[in-house]
Every structure is written in C-alpha cells, then in structure tokens.
Amino acid sequence: LDLFDPDHGRSEGGRIEVASYPICFRALEATRVIAAVDAFTDPRTAEVSESYLAPNGLRFLLDGQIRVGDALRGVICCEPKRPRRWSQEEVAFVGAAAERIGLALAAEELAQERDALESRVRLRTIDLEAARLQADAANAAKSRFIASISHELRTPLNAIIGYSELLQLLAQRKTDSSYHADLERIQNAGKHLLTLINDILDISKIEAGKMQLEMQVFDVTSILDDVRETVQPLAEQNGKQLELQIADELPAILADAIR
C-alpha cells in the first residue's frame, strides 16, 4: 500500500489489514479499481477516512487491487490532497499497473518455487547417488564374500570327491564291493554340490539374468534315484522312512538335470 508523503513528494510503503476495512476491500473485489472523488462521503471508502485518510491529510483516492491468482496481495493508492476527478485513462492506467504488478509477483513466486524445487531435486539426487554408491559397495562386498566362501567350500569338497574316488579304486582292487555304493553316493553328492557352488560363484550372471540352463536329455528315474540316495541318510538319522514310488517306463525328458 503506497501512502502519499507530503514532505518529500514521493510514496512510501504502508500496511493495513483487510479485516479492518471490509466494505472497501469488498468494493475492490467487485470493481478491482475504486475512483473516489470524495473518499469521506463515498460509501465504498467512508470507513477508511477517519482512521487512515484524515490523519494523513487525504480525501481523494484512486485505488487498484494487486492480486496473485485468487489472493489479494496489495493495493496501488493514488491519493492527492487537492480535489481531483479521475479520468477513464487514469482509472485504466491504475488497473493495468496493478495487474502488471500482480503478474510480476506471480512470476517471482513461481521462480522462487522453481528454485526451491530444483534445490530439492538436487538434494534428492545427491541422496540417491549416495544410496546407489552404498548399494554398489554392498553388492561388491557380497560378491567378494560369495567368491571367498565358494572358494573355501570348493577346496575341501574337491578333497572329499578325490578321496571318495581313491577309496573306490582301492575297493575295486580288493574286490570289496560292500562300500562301493556308499562311496559312489558320496562322490555323486559331492559333484552335485560342487556344481551348485560353481553356479553361486558366477553370481554376476545370476544378477544380470544371464544364467543359462544346460539342456540335456536324461532319464527321470536316474535323477530320482540320485535324490533318494542323497536324502535317505538324512531321513534315517531322524527316524523317518523314505519311500519313492516311480511309474514304470517313464520317458526321458529335456531339461537341466542339476537345476
């Protein structure tokens, strides 16, 4: 709100509350510009005369409301001390000036919102980048752990497979077949486990979705027999009885026998 300064012939910023002058501001809402030849007698501005106009030595006013969207942000006030009849050009000028100021304020607020949004986006981008780096570091640590533990598992497992093969040879030389089936089961289970560990070691392919199946034709009955031989000792240790019922003459299938 600009108040006329009689000492310096210029305007100064001031502040009044909308609630203090409801009639005046309702009139501004309706017409956007108030041109009062005598503000003391004009019903639209009479309520502001005693507390605002008279103390400042003012009686004539031309007010234009400044709006940003639906919100009232201020008023342009032209308030000479000498009597004046406002021309249409002056009324139109004040209305246009108030509108331009409202547009400028809206543009400034929009720029501030844009800057604030860009700042939030930058901060969010920094947070996401930090999270990505942490995820990459965790993933790399996981890969190193899997590679290390796979190596630690493969070493003794290869030894078990080697010893089982050696014991099988010794049993064959001594024509002792009592342990041959058990040694063969140990060897088959060890080789199967080694295959799984090798797959885990190639974790990068799994994560990239590039794990390839090794398709081959095999007998289902032989696979089920291998599973039974592997699980049977565990069942017996827990006092369970494992029964496997297989239909006769099952056809061979094409699949990955390990997976």
Side-chain angles (χ1 to χ4, degrees), residues 1-140:
L1 177 66
D2 288 338
L3 305 178
F4 182 73
D5 186 340
D7 295 332
H8 299 90
R10 59 180 176 79
S11 61
E12 291 182 354
R15 180 182 178 87
I16 60 173
E17 298 293 335
V18 174
S20 301
Y21 307 105
I23 296 175
C24 181
F25 280 101
R26 279 200 298 269
L28 275 173
E29 287 277 355
T31 62
R32 301 188 69 88
V33 178
I34 294 178
V37 176
D38 186 343
F40 289 0
T41 59
D42 192 314
R44 300 172 298 175
T45 57
E47 65 179 358
V48 304
S49 60
E50 181 177 352
S51 60
Y52 166 60
L53 295 176
N56 289 282
L58 304 173
R59 192 181 187 105
F60 314 97
L61 60 82
L62 175 60
D63 291 354
Q65 63 167 325
I66 301 172
R67 301 189 70 84
V68 176
D70 295 330
L72 177 65
R73 294 300 175 84
V75 180
I76 292 181
C77 296
C78 300
E79 299 163 340
K81 289 191 173 184
R82 293 178 296 176
R84 186 184 185 101
R85 291 190 175 275
W86 306 103
S87 67
Q88 292 297 324
E89 290 79 7
E90 291 171 329
V91 173
F93 173 79
V94 169
E99 184 177 358
R100 292 293 182 88
I101 293 174
L103 292 175
L105 289 175
E108 176 62 23
E109 291 179 3
L110 184 61
Q112 292 177 357
E113 291 177 359
R114 181 198 63 209
D115 293 342
L117 179 59
E118 290 178 351
S119 177
R120 289 197 296 270
V121 169
R122 285 194 297 270
L123 292 176
R124 182 58 177 165
T125 301
I126 293 173
D127 292 341
L128 290 175
E129 179 63 16
R132 186 189 67 81
L133 293 175
Q134 290 178 355
D136 289 345
N139 188 56

Trainee: State, with a plain yes or no, whether a side-chain heavy atom of Leu28 is found less than 4.5 Å away from one of Ile34.
Mentor: yes
Trainee: Might you point out which heavy atoms bring Pro55 and Ser49 nearest each other, and give the distance in Å?
Mentor: CD-O, 4.0 Å
Trainee: If every non-hydrogen atom of Asp63 is compared with every non-hydrogen atom of Cys78, which pair is closest and at what distance?
Mentor: OD1-N, 4.1 Å
Trainee: On a heavy-atom basis, which atom in Thr45 and which in Ala36 lie closest, and how many Å separate them?
Mentor: OG1-CB, 4.0 Å
Trainee: Using side-chain heavy atoms (C-beta onward) and a distance below 4.5 Å, is Ser20 in contact with Glu47?
Mentor: no
Trainee: Is the shortest side-chain heavy-atom distance between Arg84 and Val37 below 4.5 Å?
Mentor: no
Trainee: For atom CD of Glu118, is the number of surrounding heavy atoms from other residues, nucleotides or ligands below 6.0 Å larger than 12?
Mentor: yes
Trainee: CG/Leu105 to CG/Leu110 distance, rounded to the nearest 0.5 angstrom?
Mentor: 12.5 Å
Trainee: Output all residues satisfying side chain to side chain donor-acceptor pair (under 3.5 Å) with Arg132, sequence neighbours left out; order by chain, then residue number.
Mentor: Glu129, Asp136
Trainee: Can you give me the closest heavy-atom contact between Trp86 and Phe60, atom names plus distance?
Mentor: CZ2-C, 4.4 Å
Trainee: Checking the side chain of Ser119 only, and the main-chain atoms of Asp115 only, is there a donor and an acceptor separated by less than 3.5 Å?
Mentor: no
Trainee: Any side-chain heavy atom of Arg44 within less than 4.5 Å of one from Cys24?
Mentor: no
Trainee: Is a salt bridge present between Glu113 and Arg120, judged by a nitrogen-to-oxygen distance below 4.0 Å?
Mentor: no
Trainee: Val75 versus Ile66: any side-chain heavy-atom pair under 4.5 Å?
Mentor: no
Trainee: So, taking the atom named CZ in Arg122 and the one named OG1 in Thr125, what distance separates them when rounded to the nearest 0.5 Å?
Mentor: 9.0 Å
Trainee: Considering residues at least two apart in sequence or located in another chain, which fulfil the salt bridge (charged side-chain N to carboxylate O under 4.0 Å, His left out) criterion with Arg73?
Mentor: Glu109
Trainee: Determine, stepwise, if the pair Arg67 / Glu29 fulfils salt bridge (Lys or Arg N to Asp or Glu O under 4.0 Å).
Mentor: CA-CA 10 Å; Arg67 301 189 70 84; Glu29 287 277 355; 2.9 Å; yes
Trainee: Counting only heavy atoms not in Phe93, do more than 12 sit closer than 6.0 Å to its CZ atom?
Mentor: no
Trainee: Any idea which heavy atoms bring Ala35 and Leu62 closest together, and the distance?
Mentor: CB-CD1, 3.6 Å
Trainee: Looking at Glu99, I want to see if its CD is surrounded by more than 12 non-hydrogen atoms of other residues, nucleotides or ligands under 6.0 Å.
Mentor: no
Trainee: For Val68 and Gly102, work out which heavy atoms get closest and say how close.
Mentor: CG2-O, 3.6 Å
Trainee: Look up atom CZ in Arg124 and atom CG in Leu117, then write down how far apart they are to the nearest 0.5 Å.
Mentor: 13.5 Å
